[in-house]
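Data block below; observations after.
We name chains A, B, ... by the order of the sequence lines, and we start the count at 1 in each one. Bear in mind the structure is a predicted one, so any value in this text is a computation, not a measurement.
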Amino acid sequence: MNYKETIQLPRTDFPMRANLPEKETKILQNWNQTQMYKQIQESRKDNKPYIFHDGPPYANGHIHMGTAFNRILKDITVKYRTMVGYRVPFIPGWDCHGMPIEREVIKKLKGKILTNEILRKACTQFAQKFVGIQKEEFMRLGVFGEWDNPYITMDPEYEARVINVFKVLVEKGYVYRDKRPVHWCTSCKTALAEAELEYKDILSSSIYVKFKTQDPNLSILIWTTTPWTLPANVAIALNPKLQYDFVKIGNEKLVIASDLKDIVLEKLNIKDYEIEKSVVGKELEGMIYKHPLFDKECKVILSTFVSKDSGTGGVHIAPGHGYEDYQVGLSYKLPVISPVDESGCFTDEVPEFEGKYVFDANKDIIEALKEKETLVCDEEFSHSYPHCWRCKTPLIFRATPQWFLRIDHKNLRERCVNEIEKINWVPKWSKERILHNILDRPDWCLSRQRRWGIPIPVLYCKNCDTPILDTKVIERARDIIKKEGSMGWFEHPAKDFIETACPKCNCQEFIKEKDIFDVWFDSGASWTVIKAQDSFPADIYCEGVDHHRGWFQHSFLLSMTTEEKPCFKSVLTHGLILDKEMKKMSKSLGNVISPTEIIKKYGADILRLYFSAIDYTCDVPFDSDGLESSVIAYRRLRNTFKFLLGNLHDFETIVPKDKLLELDKLMLHRLTLLIEKVTSAYENVEFHKVYHSIYNYCTTDLSKFYLDILKDRLYTYGKNSLERRSAQTILQEILLSLVKLLAPIIPFTTEEVWQNITNNLKLSTNNSKSIHIELLPKSNPDWIDNKLAEDYELIQEIRDNVLLALEAARNKKIIGNTLEAKVTLWADNKDTRDFLQQKLSSLPSIFIVSQTNIEKVDNMSQFKKINIFIDKAEGKRCERCWIWSKDIGTSTEHLTLCSKCINVLKEDNYGC
RNA sequence: GGGCCUGUAGCUCAGGUGGUUAGAGCGCACGGCUGAUAACCGUGAGGCGGAUGGUUCGAGUCCAUCCAGGCCCA
């Protein structure tokens with residue numbers, strides 16, 4: 001008789017090899033066909049909502065590792081919240097306006113005359129194309145959401161909402177217009193937002209210049225790295241608290257800060273000098289000096305931003321060309337001079353240098369200073385300098401009329417700070433970060449001199465140039481834009497937006513504003529999407545650390561101004577994806593790894609598993625070798641599922657708890673602990689703890705311990721024996737728990753497992769159509785048995801020692817397979833001995849050996865609590881269960897079987 | 001230059017309120033099994049805890065400084 005046919009080997013069609021790339025595509029098709037997202041929403045329609053508001057990625061290319069990572073984190077959260085019973089609508093968004101797309105399109109249409117219509121149409125198409133591409137790519141990651149109904153910042157309805165936010169800001173008085181220095185790219189001919197600057201080292205002229213005073217022998221020494229801003233000089237700033245020396249060199253006297261004097265004089269190579277006197281900066285306020293280039297007189301002012309760390313302690317002030325200069329200038333009512341045009345060339349306001357590009361004019365200015373004998377030192381100097389993030393051109397500060405949002409209006413800053421305290425920031429330090437950003441930020445420059453964006457709906461009187469910032473005009477613009485999109489603003493004549501005449505000059509004709517909104521204004525108003533659905537504020541926003549200055553902050557500002565409350569209750573921040581060497585992934589470094597490539601090769605579940613293993617609160621190095629370990633981890637999880645499924649193929653009767661075997665009760669206890677640990681890790685958004693707990697459980701508790709021990713019981717015991725059914729009862733519990741706990745992380749594989757469960761197993765579940773409609777398992781306090789757990793801690797410690805002894809015996813060739821062994825134990829401590837005696841009957845199976853007895857023999861190995869001796873097992877090996885025993889052959893029909901197996905054959909009616 | 005963050009074995013992570021020889025899992029090496037089999041089991045080798053000082057009887061854990069890296073800002 002072939003006894004192999006009489007044992008219950010695992011049986012399942014769940015394949016060992018996943019072939020994820022192909023299988024995931026099929027599962028995806030199935031989800032689409034059955035409208036899974038809708039089904040899930042339907043299943044939760046009466047439940048409490050959990051609003052996850054999506055931050056819109058920029059629609060100008062394929063997704064990169066960072067976007068994939070962000071999406072996966074979001075999706076794990078969405079799926080988890082759904083599985084604890086919330087209704088979680090997820091409306092994905094896309095950010096479509098802005099310079100990168102505009103520039104890309106201009107490049108593409110090079111040579112063509114770009115009317116607004118042509119340009120905007122091309123931009124729309126460009127953005128639409130990538131919205132479509134990214135949508136596919138995101139869906140491929142297994143992300144659930146309303147993909148048929150996303151929010152898109154270039155949709156007319158969305159644009160109208162943005163305009164409406166602007167209207168409220170105007171009503172509440174937050175908006176003002178002012179000439180003001182802004183970072184200006186002379187190549188893109190546009191003002192840049194703070195977010196668009198890129199600091200790089202640059203070589204500049206570093207010059208020391210004497211500003212002569214009314215006393216022809218006395219000069220104030222200043223230091224600057226931007227000689228071209230000297231024509232716009234209107235003041236010298238000194239620090240009121242610093243000490244200034246009057247340094248006498250021959251007949252000449254120079255005013256230099258005491259702390260900097262030595263360094264400066266050494267640089268100027270001046271050794272012979274004396275200090276005539278020393279005064280505190282404050283005493284020099286109002287001192288008159290002569291402009292170094294032109295024939296005019298200006299005054300000394302005071303400012304605490306003047307530092308004693310570099311320069312001379314005297315700072316040349318040009319409010320038209322520097323932000324700090326501008327701020328000091330405000331308090332002294334200094335004129336804002338900015339004689340530079342949009343391409344960075346001097347205007348006719350400075351005839352001496354008219355038409356010269358400012359950076360080229362540096363040398364002319366230095367020459368002019370030399371002629372006037374005011375230049376004392378000229379050298380090159382390397383320092384960090386802002387560049388345009390797109391075209392990498394060094395930027396200048398240039399004063400232009402702009403629209404601003406006043407941050408200190410209606411105590412906005414203060415209110416923000418108060419609200420920040422109440423919001424749940426994860427991780428906690430993220431609060432400090434946003435706090436500093438809000439506290440330190442200047443007014444928000446809303447306007448951009450660009451074309452691809454939402455127009456700022458303001459008119460100017462054709463006659464007197466008075467700006468008409470009027471809610472009626474804005475409302476009309478909003479309504480037209482809602483119907484026709486932003487193009488409506490450009491296509492309609494000005495008169496369509498206004499009925500009244502200019503309040504100043506009564507002129508009837510108007511010119512439309514050409515500027516558009518900063519893109520942060522577009523995306524910062526995205527909470528209007530959830531507001532329109534009556535889901536304001538969001539429960540959670542989740543983006544990378546860079547968004548403390550980006551989307552988080554701008555969304556927050558716009559909701560705090562217009563709604564007067566925050567748009568989110570909690571904010572989750574994640575680190576950025578870097579390469580293996582912790583360097584930023586960028587095309588120029590050639591270290592970019594595309595998520596799409598990874599998915600094609602390995603599947604989305606592998607990528608998701610990889611990201612879930614990592615503590616995302618800090619930056620994440622992405623490396624393909626690391627991905628390999630995810631593949632290996634995945635195999636372990638998959639094989640665990642396969643083993644569980646295979647051993648449950650004939651399971652139908654659950655064994656009640658009081659009849660379960662002791663080891664099985666123990667596993668119920670441990671499963672409960674796992675469920676608790678995992679649930680709390682999910683709740684605290686610590687996905688890596690979810691991953692590590694589950695994975696360790698699968699390897700340590702299951703594979704290496706429980707499942708290994710169980711094989712004998714599952715395979716060789718009677719089909720319907722209590723021992724076997726008891727084990728299956730636990731395996732079922734474990735299977736159902738694991739598949740649910742892992743569903744948010746590996747949605748495809750768990751779905752595959754779930755389908756296998758519902759199709760093939762006769763388990764008592766409600767059988768939802770998808771694992772993602774199920775609820776997470778709840779920990780059952782009845783399953784906790786601390787006494788048992790304590791007993792088994794000792795047993796496992798002994799087991800570890802037995803394994804060591806078995807390994808030693810194996811090395812001595814006493815045994816090969818552990819079933820060939822007999823384990824003899826002895827404990828000097830009587831309590832331990834009694835304990836062993838009490839558990840003796842289950843010890844062979846726990847050690848996976850054939851025999852165990854307790855007695856004192858010679859040559860025992862010494863372990864901490866017990867002594868162990870390994871010997872060859874007694875008797876013969878049973879052909880069926882492979883366990884060695886002395887009662888082989890008690891039946892004439894089955895000479896090679898042990899009596900246990902003979903009984904099993906009878907029980908299971910194998911012709912005995 | 002400022003704000004915030006990170007730095008424990010090759011990799012991913014653990015290490016309440018400072019206290020015995022710093023723990024897992026994977027990988028690696030060696031071995032076993034051939035009834036989870038492109039699986040499974042066992043054993044072993046890997047850590048000057050970014051660096052240097054300090055507090056303390058005692059620090060990966062507290063403090064200071066520095067170094068390296070990241071993001072944001074000047």
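Contact annotation for A:R11: no contact, since no heavy-atom pair falls under 4.0 Å across all strands. Residue A:D708 is in sugar-phosphate contact alone, with no base atom involved, counting any heavy-atom pair closer than 4.0 Å across all strands shown. Residue A:G626 is out of contact with every strand shown, counting any heavy-atom pair closer than 4.0 Å. If you check every strand for non-hydrogen atoms under 4.0 Å, A:S703 touches a base. Heavy atoms of A:N437 sit under 4.0 angstrom from primed sugar atoms or phosphate atoms, though from no base atom. At the heavy-atom level, A:K642 lies under 4.0 Å from the strands shown only through sugar-phosphate atoms. At the heavy-atom level, A:P621 lies under 4.0 Å from the strands shown only through sugar-phosphate atoms. Residue-level contact check: A:I848 touches neither bases nor backbone, having no heavy atom under 4.0 Å from any strand. A:N647 comes within contact range of no nucleotide atom at all, as no heavy-atom separation falls under 4.0 Å. Across all strands, A:E879 comes closer than 4.0 Å to base atoms (heavy-atom distances). If you check every strand for non-hydrogen atoms under 4.0 Å, A:I7 touches a base.
Side chains of A:Y3 and A:H894: a donor on one and an acceptor on the other come within 3.5 Å. In this structure, a donor-acceptor pair under 3.5 Å is present between the side chains of A:Q728 and A:D650.
Distance CZ (A:R810) to P (B:rG44): 12 Å, rounded to an integer number of Å.
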For A:D605 and A:R638, what are the C-alpha separation, side-chain angles and deciding distance, and is it a salt bridge (charged side-chain N to carboxylate O under 4.0 Å, His left out)? CA-CA 11 Å; A:D605 273 359; A:R638 189 173 179 88; over 6 Å; no

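For the P atoms, the distance from B:rC40 to B:rG46 is 26 Å, rounded to whole Å. Nucleotides B:rC5 and B:rG47 place their C1' atoms 25 Å apart, quoted to the nearest Å.
Heavy atoms only, all atoms of each residue included: A:L806 and A:A821 are closest at CD2-CB, 3.6 Å. The shortest non-hydrogen separation linking A:L819 to A:W884 is O-CD1, 3.1 Å.
Under the salt bridge (Lys or Arg N to Asp or Glu O under 4.0 Å) criterion, A:E879 pairs with no residue at all, not counting sequence neighbours. Under the rule for a ring-ring contact (aromatic ring centres under 6.0 Å, His included), A:F14 has no partner lying at least two apart in sequence or in another chain. Remark: A:R713 pairs with A:D664 by the salt bridge (Lys or Arg N to Asp or Glu O under 4.0 Å) rule, at least two apart or across chains.
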Protein heavy-atom contacts under 4.0 Å, written 5' to 3' over nucleotides 20-29 of chain B as B (base), S (sugar-phosphate only) or - (none), form the string ----SSSS--

Letter by letter from the 5' end, nucleotides 61-68 of chain B scores (B base, S sugar-phosphate only, - none; protein heavy atoms under 4.0 Å) --------

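Picking from B:rA39, B:rG31, B:rC72 the nucleotide with the shortest atom distance to the side chain of A:R549 gives B:rC72. Closest to the side chain of A:R635, out of B:rA39, B:rG44, B:rC5, is B:rA39. Side-chain proximity of A:M16 to the nucleotides B:rG35, B:rC13, B:rA38 is greatest for B:rA38. Comparing B:rG42, B:rC41, B:rG32 by their closest approach to the side chain of A:E807 singles out B:rG42. When each of B:rU34, B:rA36, B:rC72 is scored by its nearest atom to the side-chain atoms of A:L707, the top-ranked nucleotide is B:rA36. Looking at the side chain of A:T716, the nearest of the listed nucleotides B:rG35, B:rA14, B:rG70 is B:rG35. The side chain of A:I614 sits closest to B:rU12 out of B:rU12, B:rA36, B:rC71.
Using cut-offs of 30° and 60° for the angle between ring planes, the A:F397 and A:H183 rings count as tilted.
A 6.0 Å sphere centred on NZ of A:K876 holds no more than 12 heavy atoms belonging to other residues, nucleotides or ligands. With a 6.0 Å radius and a threshold of 12 heavy atoms from other residues, nucleotides or ligands, A:K23 has its NZ atom above the threshold.
Mapping A:Y610 and A:I815 onto RNA chain B by nearest heavy atom places A:Y610 closer to the 5' end of the strand. When the nearest nucleotides of RNA chain B are assigned to A:H547 and A:K689 by heavy-atom distance, the more 5′-ward of the two goes with A:K689.
Taken together, the paired segments of RNA chain B that extend over three or more consecutive Watson-Crick or G-U pairs, each closer than 3.5 Å at both contacts, are B:1-7 with B:67-73, B:10-13 with B:23-26, B:28-32 with B:40-44, B:50-54 with B:62-66.
A glycosidic torsion no more than 90° from 0 defines the syn conformation; B:rG10 lies beyond that range and is anti.
Remark: side-chain polar atoms of A:R799 are paired, donor with acceptor, to backbone N or O of A:I846 under 3.5 angstrom. Under a 3.5 Å cut-off, the side chain of A:N70 and the backbone N or O of A:C542 do form a donor-acceptor pair.
Counting atom types as modelled, A:R433 pairs a side-chain N or O with a base atom of B:rC71 as donor and acceptor under 3.5 Å.
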